[in-house]
Number of protein chains: 2
Amino acid sequence: MGIAERKERDKEELRERILIAAKALFLEKGVEKTSIRNIADLIEYSPGSIYHYFKDKNEIFHALHQGGFQQLMSRMEVLAPVQNPMERLKKMGAIYVEFALQNPDMYDLMFIKEAPMAHVSSSNDEEWKEGFGTFNFLRATIKECIQVGHFQNHDEEALSFLVWSTVHGMVSLHIRRRCEVVLAQRQSTIVKDGLNEFFSILDRLSQ
Amino acid sequence: MGIAERKERDKEELRERILIAAKALFLEKGVEKTSIRNIADLIEYSPGSIYHYFKDKNEIFHALHQGGFQQLMSRMEVLAPVQNPMERLKKMGAIYVEFALQNPDMYDLMFIKEAPMAHVSSSNDEEWKEGFGTFNFLRATIKECIQVGHFQNHDEEALSFLVWSTVHGMVSLHIRRRCEVVLAQRQSTIVKDGLNEFFSILDRLSQ
DNA sequence: CCTACTAATTAAACAGTGTTCAATTATATT
DNA sequence: AATATAATTGAACACTGTTTAATTAGTAGG
């Protein structure tokens with residue numbers, strides 16, 4: 001009975017090879033400019049065979065961005081010992097921005113690009129909904145902040161979304177090159193500066 | 001000498017017809033799915049002739065989004081009589097979000113899509129830099145707020161960027177369908193709710 | 001060992017894309 | 001009317017994602 005299992009492993013291995021090739025190409029050229037034929041060339045298979053492992057191109061990149069969520073989530077683990085929720089909230093923001101700036105293409109895929117699964121019955125995409133533990137983590141932290149007395153009269157859900165939007169807005173404007181409107185001498189540091197402004201606003205709100 | 005001028009007008013007119021066709025198709029199908037051949041079909045010219053009026057596809061959509069900036073800017077005109085800068089700031093945010101939600105495809109083109117001019121010497125794109133008067137308007141309003149005593153110890157430039165990022169973040173997460181992570185029953189109103197949270201934070205900061 | 005059967009792989013084709021270019025048509029100037 | 005200039009075209013190029021029929025490889029049963 002070991003044969004079927006070995007075949008299973010082989011199949012899984014090739015699937016992984018496709019993903020690795022796709023990731024390498026996408027980090028180098030972006031999603032749009034990475035073609036099925038490019039990937040096929042790299043792993044020395046024919047273009048058609050890729051369709052035995054993935055339904056279409058979207059599925060490849062959807063599989064890829066899952067890895068991104070795990071990366072981001074694992075970065076958040078250092079926050080576990082931080083007791084003060086306000087402190088934790090700020091550090092979360094810093095980690096989020098740092099991840100985005102260090103992995104702009106992956107961030108782009110995860111949060112900016114048109115969702116690969118938009119056309120599918122979006123309820124199908126349970127991984128995104130449930131799997132996006134980072135937002136749940138953010139919500140839980142905000143909840144704690146409220147319980148401790150900060151953000152009085154604020155709504156947990158809406159405030160969580162607002163905080164997420166703030167950091168997402170900064171990094172996505174940066175990644176998509178919309179920061180040219182800020183003063184030239186500030187452009188290189190504007191995301192960091194903006195984040196610090198955000199922190200000092202949080203500080204002012206929490207006293 | 002009227003002939004040369006008439007030809008000039010004719011040329012300008014066809015250029016305009018291309019833009020109108022492109023806009024119609026793009027609002028209906030999006031940029032990626034609007035092809036040069038589609039546009040050519042609509043105006044009943046050959047695909048090749050379009051290249052006598054625009055360098056490439058990017059230039060068409062770059063020309064289109066200029067119109068979007070004018071639209072957005074003209075919406076801001078109602079703010080001129082608002083004396084209180086804090087009041088004006090909030091209304092600016094509301095107008096910005098409203099514009100984005102009412103014209104998601106145009107907003108996408110203007111602020112989310114990969115900048116069409118990224119590869120060109122970006123200094124070439126003076127329209128974007130100078131022409132984006134909305135950010136200058138925001139900066140001026142923030143400056144007034146600071147002068148009046150709000151946002152003490154804050155940096156004008158960074159704070160302007162932060163405020164822009166906040167509204168941009170909310171609408172772009174919404175437009176690019178990343179709001180599925182928020183509670184299902186809140187999804188339809190989350191941008192509005194987030195904006196209100198933002199307003200109440202501004203209120204708390206300005207006293 | 002040979003035959004079946006299944007699964008993996010392929011080349012070729014389809015319909016589309018942005019873009020270029022030589023040839024053609026239309027227009028205006030002399 | 002002939003010439004120069006500009007606009008327009010169809011065809012071609014090199015791509016794209018995807019499908020499919022045919023081929024090859026690998027396994028299971030007799």
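Just so we're on the same page: letters track the sequence lines, and every chain starts at 1.
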Separation of D:dT18 C1' from A:Asp56 CG (nearest whole Å): 9 Å
B:Gln102, CD atom: more than 12 neighbouring heavy atoms under 6.0 Å: yes
B:Met86 CE to B:Leu202 CG distance, which is reported to the nearest 0.5 Å: 4.5 Å
B:Tyr53 side-chain proximity, nearest of C:dT19, D:dA7, D:dG17: D:dA7
Among C:dT9, D:dA7, C:dT19, the nucleotide that comes nearest once only the side chain of B:Lys11 is considered: D:dA7
Heavy atoms from other residues, nucleotides or ligands near CD of B:Gln185 exceed 12 (cutoff 6.0 Å): yes
Any residue of residues 26-35 of chain A with a heavy atom less than 4.0 Å from an atom of DNA chain D: A:Thr34, A:Ser35
Audit row: B:Ile60, B:Ile36, side-chain contact (heavy atoms from CB on, under 4.5 Å) steps and yes/no: CA-CA 10 Å; B:Ile60 298 175; B:Ile36 300 287; 4.0 Å; yes
Within 6.0 angstrom of B:Lys23 NZ, more than 12 heavy atoms from elsewhere: no
Working for side-chain contact (heavy atoms from CB on, under 4.5 Å), residues A:Met110 and B:Arg178: CA-CA 9 Å; A:Met110 292 162 69; B:Arg178 286 336 195 262; 5.8 Å; no
Tabulate atom names and distances for all N/O pairs under 3.5 angstrom spanning the protein and nucleotides 10-13 of chain C.
| from | atom 1 | to | atom 2 | distance (Å) |
| --- | --- | --- | --- | --- |
| C:dT10 | OP2 | A:Ser46 | N | 2.8 |
| C:dT10 | OP2 | A:Ser46 | OG | 3.3 |
| C:dT10 | OP2 | A:Ser49 | OG | 3.4 |

Nearest-Å distance for atom pair CD1/C1', residues A:Ile39 and D:dG17: 11 Å
Listed nucleotide nearest any side-chain atom of A:Lys57, set D:dG17, C:dG18, D:dT8: D:dG17
Any donor-acceptor N or O pair under 3.5 Å, side chains A:Tyr96, A:Tyr107: yes
Sugar-phosphate only, base, or nothing, as touched by B:Leu14 at under 4.0 Å among non-hydrogen atoms: sugar-phosphate
Donor-acceptor pair between B:Ser35 and B:Asn38 side chains, under 3.5 angstrom: yes
